[in-house]
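Excluded from the calculations below are hydrogen atoms, water molecules and symmetry mates; all remaining heavy atoms, backbone and side chain alike, are included. Everything numeric in this text was worked out from a predicted model, so none of it was measured. Numbering of ligands and ligand atoms starts at 1, following listing order. Note that the numbering runs from 1 along the sequence shown for the chain.
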Amino acid sequence: MTATSERTATAPFGDLAAGLRGDVIRPGDPGYDEARAVYNAMIDKHPAAIARCRDAADVISCVRFARQHDVEIAVRGGGHNAGGLAVWDGALVIDLSLLRSTTVDPQNHTVRVDPGCTWADVDHATVAFGMATPSGFLGSTGVAGLTLGGGIGYLSRRFGLTVDNLIAADVVLADGTFVQATEQSQSDLLWALRGGGGNFGIVTSFTFRTHDIGENGMVIAGPVLYDIADTPEVIRWYRELLPSLPEELSGWIALLTIPPAPPFPEELWGRKACGIVWCYTGRHDQADQVLEPVKTFGSPLVVGLHPMPFSVLQTVFDALYPAGMQWYWKADFFNEISDAAIEVHVKYGARLPTGHSTMHMYPIDGATSRVPEGATSFAYRDGGWAGVIVGVDPDPANAGPISQWARDYWQELHPTSAGGAYVNFMMDEGQDRVRASYRGNYDRLAQIKHRYDPDNAFHINQNIKPASA
Ligand SMILES: Cc1cc2nc3c(=O)[nH]c(=O)nc-3n(C[C@H](O)[C@H](O)[C@H](O)COP(=O)(O)OP(=O)(O)OC[C@H]3O[C@@H](n4cnc5c(N)ncnc54)[C@H](O)[C@@H]3O)c2cc1C
């Protein structure tokens, strides 16, 4: 037993529970197994305790308790993280998942968001006002982790990353004090939170800029799918076309298996495909003209573009990917999709190991790449794509094959990449990969880490080590 785990074993968790509005769940308590479960069922961690916080005061108490008793701290927002970094063996999990309120300010185009919200909560709140803040491609993902790592989604071409729209954050620091980070106050902390992950403190409130989208929040969106044999032509066409499209139109490309469910025609269920999921957020009277090239290219199996509220688009894939499946992730940034890369995609697209396994490439361009690399801690701004290969399956018996497929695919594709990866798509890949992902921003992040968390109390994340004094 290490000194830390000995101290954890004797830490007075009952005293912590007595001071909280929320509950403390310990091994053996009813609900412990549900409380320690995260989205990725490959993660099986046994924390010392899970504190389900009810407010910022609970978070402060948890941090002070953990520091006083030398207990490791894990922080849970939406619990979606690829590597399961919301839970940890022997740690106190500071669980924010009960904190889910939002407040929209339609006059000032902002939304204030609690740290346990999912993006479905936020889209529900803002789309009612015809607005949205850039997020991702799924409703069930947590706001906290996605934001702190960057936030790449349908609206990034037009309005930047989620972090580019983060204007204030309330933060509980490693010593248990509370600050508000804005451009005017603790601006170095805000800079670090814009991509630096959970390294600097626990965010208890996020304030985002919102934007008018579509017509009263209605966008025109959906997948266009092609036979997997068309992959080389489709990728070549897509990589040339995308830069020429207006920023109101974005689309991510995927290799996938057509889900065995409506609205897909039954004769296509289970067929491997190459597809692009498009989202047009501009004026509807211009939609036909803008969407014409994406509807007419090649011989699509499915053209599924329809008007829908942005909040519906964001949740359309949630049912396909419920919590509790096995996930193995490998990722990279790409400045270009080279012909050599296309050959690798063709090879591994034909070998998709399960119906849920997939490869996605999300555009990093437009408004995202106009933000200078040093303006936020998110470093990969020079154009291209964030790519991710995910082996996914409900059956734990398939954990081995899906992981092997993802590793082999990544191994062959990686030489065509830009070097680092989006930290929110990484599992545990070690310090060199974290450094590579922050590039020239790493040293400044390490200095800010030293200022706000010199003991590295917040280290269960894609960790940035504090610079030495
Ligand atoms: C199915 C799926 C789809 C995804 N799609 C996208 C996408 O479209 N775009 C995109 O950008 N990303 C996407 N992601 C990646 C996603 O951004 C990360 O998984 C992210 O970590 C999820 O955030 P969370 O709050 O749910 O995670 P959690 O697992 O709760 O936390 C992730 C990390 O953030 C820390 N953390 C959580 N809350 C706080 C807080 N309040 N303060 C400080 N630190 C905190 C945790 O300690 C942990 O290190 C997707 C992930 C999944 C599983």
Side-chain angles (χ1 to χ4, degrees), residues 37-43 45 53 56 59 63 72-88 91 93-97 99 113-120 134-156 161-163 169-174 181 189 192-193 195-206 250 252 254 277 279 314 317-318 320-325 327-329 331 356 358 360 362-364 368 378 386 388 390 392 421-428 452-453 457-464:
V38 286
Y39 184 79
N40 182 357
M42 233 183 242
I43 310 297
K45 302 283 188 196
C53 297
V59 177
V63 171
E72 283 194 289
I73 297 171
V75 183
R76 181 193 178 108
H80 248 228
N81 185 259
L85 293 169
V87 289
W88 207 249
V93 174
I94 302 180
D95 182 342
L96 309 168
S97 60
L99 299 170
V113 177
D114 271 356
C117 284
T118 64
W119 281 105
S135 55
F137 302 93
L138 218 69
S140 58
T141 310
V143 169
L146 180 139
T147 299
L148 294 169
I152 302 166
Y154 287 111
L155 305 182
S156 301
L161 301 172
T162 310
V163 283
D170 291 351
V171 189
V172 177
L173 299 176
L189 180 58
L193 295 173
N199 277 284
F200 305 94
I202 303 180
V203 177
T204 56
S205 174
F206 296 85
S250 188
W252 51 275
V277 184
C279 172
Q314 285 281 81
F317 297 111
D318 285 356
L320 279 178
Y321 288 103
M325 294 203 281
W327 286 74
Y328 189 85
W329 298 63
H356 288 90
T358 183
H360 295 174
Y362 303 117
I364 303 276
T368 298
F378 187 97
V388 65
V390 279
V392 191
Y422 177 33
V423 288
N424 273 347
F425 290 161
M426 280 166 37
M427 298 181 84
D428 183 6
Y452 288 99
D453 183 17
F458 300 119
H459 63 267
I460 300 172
N461 43 43
Q462 298 297 347
N463 196 229
I464 293 159

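Between Tyr321 and Trp327, the ring planes lie tilted relative to each other; the angle falls in the 30° to 60° range. Ring geometry for Trp252 against Phe317 counts as perpendicular: the plane angle is over 60°, on a 0 to 90° scale with 30° as the lower cut.
Evaluated for a side-chain contact (heavy atoms from CB on, under 4.5 Å) with Thr204, the options Leu99, Val171, Asp170 yield exactly one hit, Asp170.
Under 3.5 Å, the side chains of Asn199 and Asn463 contain a donor-acceptor pair of N or O atoms.
Closest heavy-atom contact between Gly150 and Asn424: N-ND2, 4.2 Å.
Side-chain contact between His80 and Leu146 is absent, with no heavy-atom pair separated by less than 4.5 Å.
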What short N/O contacts, under 3.5 Å, does ligand 1 make with the protein, listed by atom pair and distance?
residue  : atom   : partner : partner atom : Å
ligand 1 : 8 (O)  : Phe137  : N            : 2.8
ligand 1 : 9 (N)  : Ile152  : O            : 2.8
ligand 1 : 11 (O) : Ile152  : N            : 2.9
ligand 1 : 11 (O) : Tyr422  : OH           : 2.6
ligand 1 : 17 (O) : Asn424  : ND2          : 3.1
ligand 1 : 19 (O) : His80   : O            : 3.3
ligand 1 : 21 (O) : Asn81   : ND2          : 3.1
ligand 1 : 23 (O) : Gly145  : N            : 3.4
ligand 1 : 23 (O) : Leu146  : N            : 3.3
ligand 1 : 25 (O) : Gly78   : N            : 2.9
ligand 1 : 25 (O) : Gly145  : N            : 2.9
ligand 1 : 26 (O) : Gly78   : N            : 3.3
ligand 1 : 26 (O) : Gly79   : N            : 3.3
ligand 1 : 26 (O) : His80   : N            : 3.0
ligand 1 : 26 (O) : Gly142  : N            : 3.0
ligand 1 : 27 (O) : His80   : N            : 3.4
ligand 1 : 29 (O) : His80   : N            : 3.3
ligand 1 : 29 (O) : Asn81   : N            : 3.0
ligand 1 : 30 (O) : Gly77   : N            : 2.7
ligand 1 : 30 (O) : Gly78   : N            : 3.2
ligand 1 : 30 (O) : Gly79   : N            : 2.7
ligand 1 : 41 (N) : Val203  : O            : 2.9
ligand 1 : 42 (N) : Val203  : N            : 3.0
ligand 1 : 47 (O) : Val75   : O            : 2.8
ligand 1 : 49 (O) : Ile460  : O            : 3.2

